[in-house]
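This report refers to the structure that appears directly beneath it.
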Amino acid sequence: MTGHDVHVVRNEGSIDLVTVVVSLVPAGFDRRIDADATVAGMERAFERVTEHWSPKVIGRVNDQYLKVAKVQGEFVWHQHDDEDELFLVVCGSFRVEFRDRVVALSAGEFVIVPRGIEHRTVADDEVHVLIFEPAATRNTGNVEHATLTAPIGDRV
Ligand code: NI
């Protein structure tokens with residue numbers, strides 16, 4: 001069963017129905033991202049992330065993707081013309097820099113970057129971040145970067 005199949009079931013029935021159906025399918029990636037979006041699941045997901053600045057999809061909520069990323073250092077300045085993006089810090093300290101201010105975040109804090117606003121993310125030490133944004137959002141937004149632009153839709 002694929003994640004898409006699970007979404008179809010969800011549209012037709014209740015949450016209880018989804019839970020029952022999902023519990024019947026073999027353990028696998030799509031079952032995990034749709035049915036096991038727990039703190040424990042996130043920890044396992046972060047364990048599988050091996051590169052910095054390369055968000056990996058762990059779930060989908062309607063048209064939004066839930067992604068995990070490990071980041072360290074300075075990202076490239078960019079903006080997303082049509083998408084807001086949410087960064088929630090799971091572990092570590094993190095900054096989202098705008099041209100006119102800096103937002104410093106600790107674990108448990110989040111910021112929503114409005115569409116069209118130039119920004120870059122910075123972490124002095126490695127930080128674990130949960131990102132919530134539309135499926136098609138490119139991590140470097142309007143910028144094509146040789147090493148920092150990550151594939152869209154990669155999963156852990
Ligand atoms: Ni961005």
Side-chain angles (χ1 to χ4, degrees), residues 2-8 10-11 15 18 28-156:
T2 67
H4 179 71
D5 294 329
V6 173
H7 284 291
V8 170
R10 179 174 294 146
N11 289 338
I15 291 174
V18 172
F29 173 76
D30 289 312
R31 171 181 178 272
R32 177 168 52 81
I33 63 168
D34 279 8
D36 193 19
T38 64
V39 172
M42 273 206 304
E43 289 174 355
R44 286 199 302 276
F46 277 115
E47 285 170 8
R48 296 181 185 203
V49 176
T50 57
E51 310 163 72
H52 289 151
W53 305 113
S54 189
K56 305 296 184 193
V57 174
I58 61 167
R60 181 172 183 168
V61 182
N62 303 308
D63 294 330
Q64 304 286 314
Y65 273 8
L66 196 59
K67 306 173 183 179
V68 290
K70 288 179 180 174
V71 306
Q72 183 172 12
E74 280 180 2
F75 202 56
V76 61
W77 284 101
H78 67 281
Q79 66 190 52
H80 310 273
D81 291 334
D82 301 313
E83 301 121 347
D84 307 322
E85 58 179 357
L86 181 152
F87 295 97
L88 167 64
V89 179
V90 174
C91 172
S93 297
F94 183 61
R95 298 194 301 281
V96 178
E97 298 187 353
F98 300 93
R99 289 299 188 182
D100 61 346
R101 66 198 167 105
V102 174
V103 176
L105 302 164
S106 299
E109 296 180 323
F110 69 90
V111 64
I112 298 168
V113 176
R115 65 194 65 187
I117 303 295
E118 200 176 19
H119 62 281
R120 71 173 178 180
T121 44
V122 182
D124 296 331
D125 300 305
E126 184 179 87
V127 59
H128 296 188
V129 183
L130 194 63
I131 302 167
F132 197 65
E133 62 190 8
T137 301
R138 182 161 74 175
N139 67 332
T140 55
N142 61 320
V143 173
E144 178 78 47
H145 190 280
T147 55
L148 293 176
T149 297
I152 292 172
D154 260 15
R155 297 176 170 184
V156 285

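Both ligands and their constituent atoms are indexed starting at 1 by order of listing.
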In residues 65-73, what donor-acceptor pairs under 3.5 Å come from side-chain atoms, sequence neighbours left out?
residue	atom	partner	partner atom	Å
Lys67	NZ	Glu133	OE2	2.7
Lys70	NZ	Phe46	O	2.9
Lys70	NZ	Val49	O	3.0

Subject >> Nearby protein N/O/S atoms (those under 2.8 Å) for the Ni ion (ligand 1), with water ignored >> reply: His78 NE2, His80 NE2, Glu85 OE2, His119 NE2

Original post:
Tell me, which pairs form a ring-ring contact (aromatic ring centres under 6.0 Å, His included) where one or both residues lie in residues 82-125, sequence neighbours left out?
Top reply: His78-His119, His80-His119, Phe87-Phe94

**OP:** Sort and list the pairs that fulfil salt bridge (charged side-chain N to carboxylate O under 4.0 Å, His left out) and have at least one residue in residues 134-149, not counting sequence neighbours.
**Re:** Arg138-Glu144

Subject >> Charged N-O contact under 4.0 Å between Arg115 and Asp82 >> reply: no

Subject >> Pairwise side-chain contact, Val89 with Glu109, heavy-atom cut-off 4.5 Å (strictly under) >> reply: no

Original post:
Got a donor-acceptor contact below 3.5 angstrom from the Asn142 side chain to the Gln79 backbone?
Top reply: yes

